[in-house]
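For reference, the structure discussed in these notes is given below.
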Amino acid sequence: MVTYTVNEDNNPDTVKAKIIVDKVSVAYGDHLALNDIALDIISNKVTALIGPSGCGKTTFLRCINRMNDLIGSCKVTGSILLDGYDIYAPEVDVEVLRRKVGMVFQKPNPFPKSIYDNIAYGVKIHGLASDKEELDAIVEQSLVRAGLFEEVADRLDVSGTSLSGGQQQRLCIARAIAISPDVILMDEPCSALDPIATAKIEELIHELKERYTIVIVTHSMQQAARVSDYTAFFHEGDLVEKGETSALFTNPNDKRTEAYITGRIG
Amino acid sequence: MTNKPHPLSMASLPGLDKRYRAEKRFKFAGVLAVFSSLAFLGFLIVAIALKSAGAFQTYEVEILVKKEKYLELRDQPFIFLQSTMRYNLSGVVNGQAMREAVNMVVDGAEIDLLDHIENLQQNTRADGLGSYSVWVTLSNRVVSALSKQDIGTNLTARQQAWVEGWVANNKVRQRFNVGFLTNGDSRDPERAGIGSALVGSAFMLLVCMVLSFGVGILAAIYLEEFAPKNKYTVFLEVNINNLATVPSIIFGLLGLSVFLNLFGLPRSAAIVGGMVLALMTMPTIIIASRLALQSVPLSIREAAFSVGASPLQTVFHHVLPLALPGMLTGTILGMARAIGETAPLLMIGMLAFIVEAPDNIFDPASVLPVQIFLWAESPERGFEEKTAAAIIVLLAFLLVMNLTAIILRKKLEKKW
Amino acid sequence: MTLSPLKMKRTHSVKNVIEGAIKACLIASSAIAVLVTVGIIFSLIIQSVRFFSEVSFFDFLFGIEWKPQSVTEIGGGKVSGVFGAVPLFVGTFLISFIALLVAGPFGIFSAIYLSEYAGDRKRALIKPALEILAGVPTVVYGFFAAIVIAPNIRGLGSALGFNVAAEAAISAGIVMGVMIIPLVSSIVDDVISAVPISLKEGAIGLGATRSETVRHVILPAALPGIAGGMLLAASRAVGETMIVVMAAGLAAQLSFNPLEAVTTVTVQIVLALTGDQEFDSAKTLVAFALGLTLFIVTLTFNLLGNWIVNRYKEAYD
């Protein structure tokens, strides 16, 4: 039996932090992509990661569900604790981690299967539904939560790829929440969408934080300001500044942050 | 401090262990597929190499020839051989024994004997005792008895005694079979060699290379650098790509009805074989050459244009030299395919029994893969190891050609 | 009157002629490819027409008796009952089918291993090693099939109580299959890498294992491409000559049993043209009719296979 020792001192500062990132550095071969990052991600809040492209924000996001494992040359050091447990510990199975930490990608990527099968897929592989009724219920509930149910209720058997871009992205969100994760990572989820679809997703994010902790990478500062409670600003692999969104946008401490939000770098 | 399972480990997701086992099985299937494919290749090479071993070596025996007998009988070779064998072996008292004695050495050994002695006379004189010492190749039966360390099965009691006597007196030696690489084909497996076939292959490859390299490169330059994008050139491209997948035997049919029947070119000649193979390899060379041209950066062309070079000058002075190594790599790989090709050559009559090496590209010739085919089809068992040995030689050529191509490509990669 | 300094001088026109000539050379070289295709089609058709003036087209395509050695010269009139090519088509199909049964699973699983499991370093070693299988001359495979594989399969068969013919279809088929593994593997590899990485990440992000990702997402998405690839492999198998000439049967037998000796279209082409017959007799002309059939079948397979593979790749662009 693999066991894990954990310090259960109830530190009031860490209790509400869902994820605690400390001294995380990421290297692709010789290239250092992230340098000594420390960040607390608060439970049931939306944390936005912003910064110019190539600053490492997506790399950081992909550390949280270990998607970076797919890249052979990528090496992560430091610690990332989810509910106090190190996700890079040797006894961790990435499949379990990714069940807990779902992900929504930049480009909507529904499987070339029916809407129903898209959402049922994760539930089936993890064996989360004991029978067909339960599975149906999960699919419906996920669609409802993703705000898509009314639009597709009568055509669950059509291919997920036949939906519009915004619908596809909400389908992907429904797919992610069907396996009841604690955290949802969103990698520029609106970059491929039109303004109306974007507004719907943003509204959805607002509703979802009731149940889930959300980390969102965005290149749009307006979006970060609209949807997030906390913001972290990355620049050239460094985490330059972090804090409550309102404070960070109105009163940045670092010159680089100021330069970015006023549009001088980016 | 408490100990409990890590919530992110397998223990907290029922059924994951089963999924991991499925994962392992799946990966194992992949490893197995790769491994068994490579194992088959290894098995093929080892099995053929083992079968070929005997063909590369030969056993010889030292025979003493009396000078006076040589002078007396040299115009009656077979009688000369008989008398020599009687002189060298004890107990050759009757016809049966004589037959067994003659069967100890290779068929036609009398010719070898006379040749050797003539050479000896030119170089040195016979020793004081008035006899020559000559090495003669042993017959297949004796060789197989010697190499298998099993003298009993194929030899008569008398022959066994002779062999044992020779071995005891150190009169038998093992040598690399040079004849296999230099001799022409023969009905007799002991004398058959791939010499003529090698010459034939060389002639054919020369024809094939000159034609396919020349035409292939010019066509590639046109298609890549000059051709307008219209329906004709698209058709041309589709055409070339499809030609690359036409079964080789169809090219043989084309060669038969056009080159032989229409143009009246000689059957079995290296020129026809080379032409057929050139048509076959041309599409491959065109495709490879176009890739090589594509890999030359646009900036080179722009630089040439900017100093006022015409499009043709740009291509021939600046682009072509840079693309040439890549084109050569493609050509070598095309030749590697051509050298082993057999089926189309059968169509143009290249399976005649040919002993002499061709003098030019119009002579009837045999080539290595066809020689392999002919020997493989021969019912005589002695040819099996010859076939295997010829295959090893063919594979060695392929290895050298492919290595050359790889080295050339590596050199090319460094450049950009 | 002065010439514009940007207009070329008269002396350049010689250069122009030379450039024109070189260009004509280039165009002529590319035209040879078309000429070859035309040559193939014409020579096959002309000789086939001569053949079909002696043998009925219907008899050839649907007849089930193949015994060209029993043709007797009657002089004029049509020959019937000896050039029924169905046994050859069946034999060709049987051996190719066995080859695909071998090349399919091995090629597909090799491709999956190479693209999903082997790292860059292993891949760089294994891929060229597999390619060697495609580079071995077919005459070598033929010898190997006849001398090593066939006797072993025969021995195995009799140990298990089966009666296996000396030139059983299965020996030629297996060896041919091994030869095609690299072809299947490289096409499937291409097809798999054309599946967008975002789909793969979608499954991985949900917590699917690698094999679940491959089985549930990548393979279903790649299926049309793989089917196209198998058609290309089939075309290669149908046109293969030396392996079957050396390891398959020479006499026609209408059978679907892989343990019996069957003959193929290519074998009969070789047999018809390597004897001592007159070139004009139906016995030799039949080779061109068979060649034409072979050409049409392989061309169809290739065009169809390439069309499917390309359309599939475009669907994900």
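Owing to the predicted nature of the structure, the values given are computational and were not obtained by experimental measurement.
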Check for a donor-acceptor pair, side chain of [X] on one end and backbone N or O of [Y] on the other, with a separation under 3.5 Å.
| X | Y | result |
| --- | --- | --- |
| B:T284 | B:G334 | no |
| C:S48 | C:F288 | yes |
| C:S171 | C:E167 | no |
| C:T37 | C:A33 | yes |
| B:S378 | B:F383 | no |
| B:T233 | B:L236 | no |
| B:S268 | B:G349 | yes |

Structural part of [X] lying under 4.5 Å from a heavy atom of chain B:
| X | value |
| --- | --- |
| C:I40 | both |
| C:I149 | side chain |
| C:V270 | both |
| C:I181 | side chain |
| C:A208 | backbone |
| C:L44 | side chain |
| C:L299 | side chain |

With respect to chain C, which residue among B:L333, B:V258, B:T387 yields the maximal number of heavy-atom pairs within a distance under 4.5 Å?
->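 Going by pairs under 4.5 Å, I would pick B:T387.
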Of all of B:P247, B:A227, B:P311, B:G216, which one pairs up most often with chain C through heavy atoms under 4.5 Å apart?
->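 Winner by heavy-atom pair count: B:P247.
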Which portion of [X] sits near chain C, non-hydrogen atoms under 4.5 angstrom:
| X | answer |
| --- | --- |
| B:L398 | side chain |
| B:L243 | side chain |
| B:K24 | neither |
| B:A336 | neither |
| B:E23 | both |
| B:L279 | side chain |
| B:F226 | side chain |
| B:F35 | neither |
| B:L44 | both |
| B:I217 | neither |
| B:E384 | both |

Crowded around B:R19 CZ? As in, over 12 foreign heavy atoms under 6.0 Å?
->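 Correct, the count exceeds 12.
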Just wondering, more than 12 heavy atoms not from B:F316 lying within 6.0 Å of its CZ?
->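 Counting other residues, nucleotides and ligands, CZ of B:F316 exceeds 12 neighbours.
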Can a salt bridge be assigned to the pair B:R290 and B:E225 using a cut-off of 4.0 Å between side-chain N and carboxylate O?
->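 Judged by the 4.0 Å cut-off on N to carboxylate O distance, B:R290 and B:E225 do not form a salt bridge.
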B:S248 and B:E341: side-chain donor and acceptor closer than 3.5 Å?
->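 Judged by distance alone, the side chains do pair up.
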Is the closest side-chain donor-acceptor distance between B:S310 and C:E19 under 3.5 Å?
->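 Distance-only check passes for B:S310 and C:E19.
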Evaluate the ring planes of C:Y113 and C:Y117, with Trp represented by its six-membered ring, and classify them as parallel (under 30°), tilted (30 to 60°) or perpendicular (over 60°).
->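 Ring orientation, 0 to 90° scale: parallel.
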Greatest number of heavy atom pairs closer than 4.5 Å to chain B - which of [options]:
| options | value |
| --- | --- |
| C:R236, C:K23, C:R210 | C:R210 |
| C:N306, C:V245, C:I108, C:I147 | C:I147 |
| C:I46, C:I22, C:V178, C:V214 | C:V178 |
| C:T298, C:L232, C:L133 | C:L133 |
| C:F301, C:F144, C:F109 | C:F144 |
| C:P105, C:G239, C:P137 | C:P137 |

Any side-chain heavy-atom pair of C:F106 and C:V184 under 4.5 Å |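 C:F106 does not reach C:V184 side chain to side chain.
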To the nearest 0.5 Å, tell me how far C:L294 CG sits from C:Q268 CD.
->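 So the gap between those two atoms works out to 13.0 Å.
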